[in-house]
Structure formats: C-alpha cells, structure tokens
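Data first, discussion second: the structure below is written as structure tokens.
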Amino acid sequence: MSAPDEPFPTSSTGCINVFWHEGMLSHDTGHGVFDSGMDPGFLEVLEKHPENSDRVRNMVSILKRGPISPYISWHSGRPANIRELLSFHSPEYVNMLVEADRNGGKEICDGTFLNPGSLDAALLAAGTTLSAMKHILDGHGKLAYALVRPPGHHAQPTQADGYCFFNNAGLAVQLALDSGCRKVSVIDIDVHYGNGTAEGFYRSDKVLTISLHMNHGSWGPSHPQNGTVDELGEGEGFGYNLNIPLPNGTGDKGYEYAMTELVVPSVQKFEPDMMVLVIGQDSSAFDPNGRQCLTMDGYREIGRMVRCLADKQFGGRLLIVQEGGYHVTYSAYCVHATLEGVLNLPHPLLSDPIASYPEDEAFAVKVIEAIKQYQRNNVPILKEV
C-alpha cells in the first residue's frame with residue numbers, strides 16, 4: 001500500500017457520496033452449482049450463488065477501512081415506492097414480483113431467485129440509487145455512488161433477467177429526465193450487455209446508452225438482445241444505443257482504446273446534461289462470470305477518463321451505479337481503484353494484490369476500429385466525427 005500524496009479531499013479531488021443500506025444484504029441467493037440453485041447430490045461442497053452478499057460486504061468494508069476512506073461520505077439509502085418503479089417498469093411486471101414475494105418467492109428466470117427478503121432488498125437497491133441521483137440533482141454534491149444489490153442493468157421494463165429485478169440505473173436516468181435534464185448519457189462497463197437499460201430507452205433520443213461488454217450474445221428468453229453493433233435503437237432512438245462488444249481477453253489497454261476512440265467522442269457529440277457510470281467488476285481478469293482481463297489499473301484509468309469527461313461536459317455531475325463483480329476479494333479492490341480514478345488522485349492509494357496478466361491488445365484494437373467505422377457509417381450523430 002502506498003501513502004497518498006493527498007491524505008484528505010481537496011477542491012480538485014472532492015469526495016464521493018456513497019449511498020448504502022445494509023438491508024440489501026437480506027437478499028439470499030442460496031447455494032448450488034454455480035448460479036443454478038441445483039444440488040446434483042454428489043458434491044461435498046456447494047458454492048454460493050455468484051451474486052451473494054459477501055461480495056458487497058467487502059466493497060463496503062474496503063471503502064470504510066481502506067485508504068480511500070477519507071474521501072468517502074456515507075449516506076443511508078431507502079426503499080423505492082411503487083410509483084417510482086412505474087417510471088421504468090410496467091404495472092404487470094411489478095405486480096408479478098409483489099405476488100411472487102407474497103407467495104414465498106420463486107425462480108423468476110434462470111439464475112434469478114426471488115427468495116424471502118429479496119423484494120425488500122431490490123426495493124432498497126432501487127430507492128438507494130434514486131436517492132443518490134436526487135442528491136446530485138438537488139445540488140448537494142457532484143459525485144455519488146449507489147452501492148447496491150441486487151444489480152439492475154439486465155432488468156427490462158417487463159421482465160427480470162441476469163440476477164436483476166429492478167433497473168436501478170434506468171430508474172435514476174428517468175428521474176433525471178423528469179427533473180429537467182434534457183439528455184443523459186449512460187456508460188456501462190459491466191462485462192455483460194446492459195440490455196435492460198438499453199431496452200428501456202431504445203426508442204428515445206434523450207438517452208445515449210453505451211455498453212462495453214464481452215461478445216456473449218443472447219442467453220435465452222429473458223435476455224433476447226444480442227448486444228451487437230447493429231442494435232442501434234429504433235424510431236427517435238435510432239443511433240442512441242451504442243454497443244461495443246469486445247473480444248474475450250480484452251484488458252486494460254483495449255478498454256482504454258475503446259474509451260478513447262468510441263466512448264468519449266460519442267458522449268462529447270451527444271452533449272448530455274448528466275452522466276451515469278454503470279460499473280461491474282466482472283470484467284476483471286479474475287472474475288468467474290466474465291472472460292475479460294481488466295486489472296485495477298484499467299478500472300482506475302476508466303474512472304479517471306469518465307471524471308475528466310464529466311468535468312468538461314457537465315460540471316462534474318456523475319452518478320455511479322454498482323452492478324456485477326463476483327470475485328469476492330478482487331471486486332472490492334477494483335471498486336476501490338475505480339473510485340480512485342473518479343477522484344482523479346495523482347497516485348494509486350492501493351496496490352494490486354494479484355494482477356499480473358500479459359496483454360496483447362492487437363486483436364481488441366482491430367475489433368474496436370471495425371466498430372468505429374461501422375458507427376461512423378450508420379450512427380447519424382457520429383457521421384461527422
């Protein structure tokens with residue numbers, strides 16, 4: 001661990017307002033073979049579901065006890081109400097979840113379990129994210145981080161997906177629009193396509209959704225979207241959903257190149273009033289749910305680039321929303337690194353305990369160049385870039 005040059009927040013770094021509520025730990029996803037909940041009967045040890053409370057406990061702990069702690073201001077979250085949920089989700093879908101909870105819970109879709117306590121946690125995740133966004137909109141701070149679970153970016157207006165019940169980021173974006181923001185940009189660096197957020201604003205020209213993800217395609221009825229470059233939006237929203245499917249093994253240099261060549265120019269051209277950074281540490285080199293190779297250095301640089309973009313484009317206003325990240329230890333370290341980058345600190349506060357991964361970014365760069373050419377040929381706002 002290296003000693004920070006700036007032991008306390010300054011006007012140039014600021015602090016990050018972290019919104020959290022321990023009630024989100026009540027979502028018990030169970031044990032089984034990976035995320036199936038299945039006991040085959042011949043295994044001595046059944047593992048915890050990847051989206052378990054331990055991963056978030058460590059994120060909270062590292063922010064409270066790690067070297068970044070002087071830069072953190074803690075705020076209590078709260079549950080969302082039904083009216084707020086209906087700003088993004090359909091009444092039929094919300095009623096289905098309420099009824100399932102009333103009946104003791106069930107598996108909503110593959111790997112996504114609504115157990116006793118799960119709905120309360122999901123309501124807290126949604127409301128806590130809304131509180132973080134409102135904190136910024138009301139002028140109480142410029143940087144806020146909704147440290148929430150269950151995650152939300154796969155939840156679509158009418159269905160759950162990929163461990164997600166309510167789309168926390170999508171609800172926050174809609175709140176920003178309803179509060180007077182003309183346009184909002186979303187940058188999603190979770191290793192999986194942010195299909196739910198994209199679906200929610202697929203026909204809107206008020207929200208630019210950008211997702212950097214591994215090229216995994218559709219994984220079934222709950223996730224019909226492919227996350228390919230040609231899913232650009234529809235109607236007024238055509239050209240405002242930008243997918244960046246990166247090849248497996250893309251690491252720090254590849255992600256930095258994608259941010260530089262694709263993400264930053266797109267946001268600058270869109271000229272939003274507000275930005276939401278959706279983070280998942282499942283794009284790390286050691287995550288069981290992803291096949292990408294980001295390290296702490298990569299997350300730190302992404303955080304720094306997004307902070308610089310926010311400072312230049314919209315007065316530094318930035319909401320960060322937690323999604324995946326399933327390595328119980330390394331995910332916490334990568335959260336720490338991401339927030340270090342967002343604070344734009346001159347030197348790392350925390351060294352990487354395990355990352356040593358050789359990267360050849362040549363193939364990733366080739367793919368990114370092809371995506372850039374496709375977007376310039378097909379996305380109206382980028383044709384002049």
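Sequence positions, counted from 1, serve as the residue numbers for this chain. All of these numbers come straight from a predicted model, not from anything done at the bench.
- Salt-bridge annotation for Lys366 and Glu369: absent, with no side-chain N of the basic residue lying under 4.0 Å from a carboxylate O of the acidic one.
- Inter-residue side-chain proximity for Leu246 and His213 is flagged as unmet; no heavy-atom pair is nearer than 4.5 Å.
- For Phe113 and Tyr163, the ring centers sit 6.0 Å or farther from each other.
- Ring centroids of Phe201 and Phe88 are separated by less than 6.0 Å, placing the two rings close together.
- Taking the six-membered ring for Trp and the full ring otherwise, Phe165 and His27 have centroids separated by under 6.0 Å.
- The existence of a salt bridge linking Glu51 and Arg149 is confirmed by a sub-4.0 Å separation between a basic side-chain nitrogen and an acidic carboxylate oxygen.
- Side chain of Asp161 to backbone of Ala155: no donor-acceptor contact under 3.5 angstrom is found.
- Partner Asn52 forms a side chain to side chain contact (heavy atoms under 4.5 Å, CB included) with one of Asp28, Leu25, Thr29 and no other, that one being Thr29.
- Within the 4.5 Å cutoff, side-chain heavy atoms of Pro353 are placed close to those of Tyr333.
- In this structure, the side chains of Tyr330 and Asp352 come closer than 4.5 Å at one or more pairs of heavy atoms.
- Taking 4.5 Å as the limit, some side-chain heavy atom of His216 sits within range of a side-chain heavy atom of His223.
- A centroid separation of 6.0 Å or more is found between the aromatic rings of His75 and Trp20.
- For the pair Glu234 and Arg203, the salt-bridge criterion is met [side-chain N within less than 4.0 Å of a carboxylate O].
- In this structure, Glu256 does not pair ionically with Arg300, as no charged nitrogen and carboxylate oxygen lie closer than 4.0 Å.
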Just list the side-chain donor-acceptor pairs under 3.5 Å for residues 132-142, sequence neighbours left out, or say none.
residue : atom : partner : partner atom : Å
Lys134  : NZ   : Asp138  : OD2          : 2.5
Lys142  : NZ   : Gly315  : O            : 3.1

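- Salt bridge annotation for Asp273-Arg182: present, with a cationic side-chain nitrogen under 4.0 angstrom from a carboxylate oxygen.
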